[in-house]
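As the structure lists them, so they are numbered: ligands from 1, and atoms in each ligand from 1. Residues: numbered from 1 along the sequence shown. Keep in mind it's a predicted model, so treat the numbers as computed, not measured.
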Amino acid sequence: MTQPHDSHSLRFESPVALVTGGSAGLGTAIAQALLNRNYHVLIVGRDSERLRLTADRLTSEEDRTDSSAVRLHQYACDVTNLDEVAKLAEFVSDRFGRLDVLVNVVGQSDRGLASEITLKRIDELVRLNVHSTVICTKALLPLIRENRGSVVNIGSLASKIPARYLGGYCLAKHALCGWTDQLSLEMRQHNVHVGLVCPGPIARQDAGHRYDKLLADDLPPEAAAPGGGAKIKGLPPQKVADAVVDCIAKRKREVILPGKARLLIILRAIFPDWGDRILLRMTSGN
Ligand SMILES: NC(=O)c1ccc[n+]([C@@H]2O[C@H](COP(=O)([O-])OP(=O)(O)OC[C@H]3O[C@@H](n4cnc5c(N)ncnc54)[C@H](OP(=O)(O)O)[C@@H]3O)[C@@H](O)[C@H]2O)c1
């Protein structure tokens, strides 16, 4: 669904950020963190009612500044659909006349065995985690280049290291990482910042039940847990959102959360066999 907008073009004075997947989970936390930094924030999701409820919540919280209701905007579309995203880019250009930050949050995890995965499931995961990001970035890059702005893609620790029972998630998030890396190289000459934020499991109320439908009989019950049962503490969403804002402000290339996971990533890159053993030990069912 497309919201009505002014037919005249204007250029906002304040910076504008677009957060895909801003109507739930991490996307909402990022939208809130950007609002706190005085950005105009456009949250994008498919369900317009969900967007409206999220916007109400974000702008009615006690610590909100008065202008946050004015600075929060919504737009309903499917970011895996080329035509809908083309209209979104048109809307951003007409409504704001600028775009400083694009945070590509839309994505989905998985549960299952790599040895059992179907090509259909790979298609679904790549569409949500990779196509969404590529489509939005390509459509909005001309605006971002005008302001030498930022594109931040939300990866995962699964963009860097495998984890048991995560089905096709590592495949999709590694692909996202590869595309982000190449885009960053290309955009340096245009002074466009391209960052990748790779969080571990994020604490949330429905953690542990989100993938119940995907759990086949050959998986242990622990596979339902965040990170496929990896022994790693859930990150507070605000902490991840603050790291995204910091990535934008300091034009960081890559952020790994928790920071100590970086050591494992580096060591595993040098000693993959050793790294596999450590990763297996970190997961239940070994
Ligand atoms: N949760 C974690 O523990 C965790 C850990 C590491 C990384 N991540 C990554 O962080 C990102 C967000 O995860 P999350 O768990 O916070 O997500 P979530 O709670 O499932 O929310 C997904 C958001 O994306 C929107 N969305 C989904 N498909 C869409 C589409 N095709 N077009 C437009 N909007 C769409 C949803 O709204 P509609 O359904 O209304 O469209 C919703 O706003 C993902 O990339 C995920 O891989 C998550």
Determine the interplanar angle of the His40 and Phe12 rings, folded into 0 to 90°, and report it as parallel if under 30°, tilted if 30 to 60°, perpendicular if over 60°.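 Rings of His40 and Phe12: perpendicular, as their planes differ by over 60°.
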Residue that, paired with Asn129, satisfies side chain to side chain donor-acceptor pair (under 3.5 Å) out of Glu124, Lys173, Gln108, His174: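 Checked Glu124, Lys173, Gln108, His174 against Asn129; only one passes side chain to side chain donor-acceptor pair (under 3.5 Å): Lys173.
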Shared hydrophobic cluster for Ile248 and Leu26 (ILVMFWY, side-chain gaps under 4.5 Å): yes
Do the side chains of Val105 and Val240 join up, straight or via other hydrophobic residues, at under 4.5 Å, putting them in one cluster?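 Shared cluster, yes.
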Residues Arg52 and Glu49 bridged, charged N to O under 4.0 Å: yes
If the condition is salt bridge (charged side-chain N to carboxylate O under 4.0 Å, His left out), which residues does Arg253 pass it with, not counting sequence neighbours?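 Counting only residues at least two positions away or on another chain, Arg253 forms a salt bridge (charged side-chain N to carboxylate O under 4.0 Å, His left out) with Asp181.
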Run through all N or O atoms in ligand 1 and write down each protein N or O closer than 3.5 Å, as a pair with its distance.
{"unit_1": "ligand 1", "atom_1": "3 (O)", "unit_2": "Ile202", "atom_2": "N", "d": "2.8"}
{"unit_1": "ligand 1", "atom_1": "15 (O)", "unit_2": "Arg204", "atom_2": "NH1", "d": "3.2"}
{"unit_1": "ligand 1", "atom_1": "15 (O)", "unit_2": "Arg210", "atom_2": "NH1", "d": "2.9"}
{"unit_1": "ligand 1", "atom_1": "15 (O)", "unit_2": "Arg210", "atom_2": "NH2", "d": "3.2"}
{"unit_1": "ligand 1", "atom_1": "16 (O)", "unit_2": "Leu26", "atom_2": "N", "d": "2.8"}
{"unit_1": "ligand 1", "atom_1": "16 (O)", "unit_2": "Arg204", "atom_2": "NH1", "d": "3.4"}
{"unit_1": "ligand 1", "atom_1": "19 (O)", "unit_2": "Arg204", "atom_2": "NH1", "d": "2.9"}
{"unit_1": "ligand 1", "atom_1": "19 (O)", "unit_2": "Arg204", "atom_2": "NH2", "d": "3.2"}
{"unit_1": "ligand 1", "atom_1": "19 (O)", "unit_2": "Arg210", "atom_2": "NH2", "d": "3.4"}
{"unit_1": "ligand 1", "atom_1": "20 (O)", "unit_2": "Arg210", "atom_2": "NH2", "d": "2.8"}
{"unit_1": "ligand 1", "atom_1": "28 (N)", "unit_2": "Arg46", "atom_2": "NH2", "d": "3.3"}
{"unit_1": "ligand 1", "atom_1": "31 (N)", "unit_2": "Asp78", "atom_2": "OD1", "d": "2.9"}
{"unit_1": "ligand 1", "atom_1": "32 (N)", "unit_2": "Val79", "atom_2": "N", "d": "2.9"}
{"unit_1": "ligand 1", "atom_1": "37 (O)", "unit_2": "Ser23", "atom_2": "OG", "d": "3.3"}
{"unit_1": "ligand 1", "atom_1": "37 (O)", "unit_2": "Arg50", "atom_2": "NH1", "d": "3.3"}
{"unit_1": "ligand 1", "atom_1": "39 (O)", "unit_2": "Arg46", "atom_2": "NH2", "d": "2.9"}
{"unit_1": "ligand 1", "atom_1": "39 (O)", "unit_2": "Arg50", "atom_2": "NH1", "d": "3.0"}
{"unit_1": "ligand 1", "atom_1": "40 (O)", "unit_2": "Asp47", "atom_2": "N", "d": "3.1"}
{"unit_1": "ligand 1", "atom_1": "41 (O)", "unit_2": "Arg46", "atom_2": "N", "d": "2.8"}
{"unit_1": "ligand 1", "atom_1": "41 (O)", "unit_2": "Arg46", "atom_2": "NE", "d": "2.7"}
{"unit_1": "ligand 1", "atom_1": "41 (O)", "unit_2": "Arg46", "atom_2": "NH2", "d": "3.4"}
{"unit_1": "ligand 1", "atom_1": "43 (O)", "unit_2": "Gly21", "atom_2": "O", "d": "3.3"}
{"unit_1": "ligand 1", "atom_1": "43 (O)", "unit_2": "Ser23", "atom_2": "N", "d": "3.4"}
{"unit_1": "ligand 1", "atom_1": "43 (O)", "unit_2": "Ser23", "atom_2": "OG", "d": "2.7"}
{"unit_1": "ligand 1", "atom_1": "43 (O)", "unit_2": "Ala24", "atom_2": "N", "d": "3.3"}
{"unit_1": "ligand 1", "atom_1": "45 (O)", "unit_2": "Val105", "atom_2": "O", "d": "2.7"}
{"unit_1": "ligand 1", "atom_1": "45 (O)", "unit_2": "Lys173", "atom_2": "NZ", "d": "2.9"}
{"unit_1": "ligand 1", "atom_1": "47 (O)", "unit_2": "Tyr169", "atom_2": "OH", "d": "2.5"}
{"unit_1": "ligand 1", "atom_1": "47 (O)", "unit_2": "Lys173", "atom_2": "NZ", "d": "3.1"}

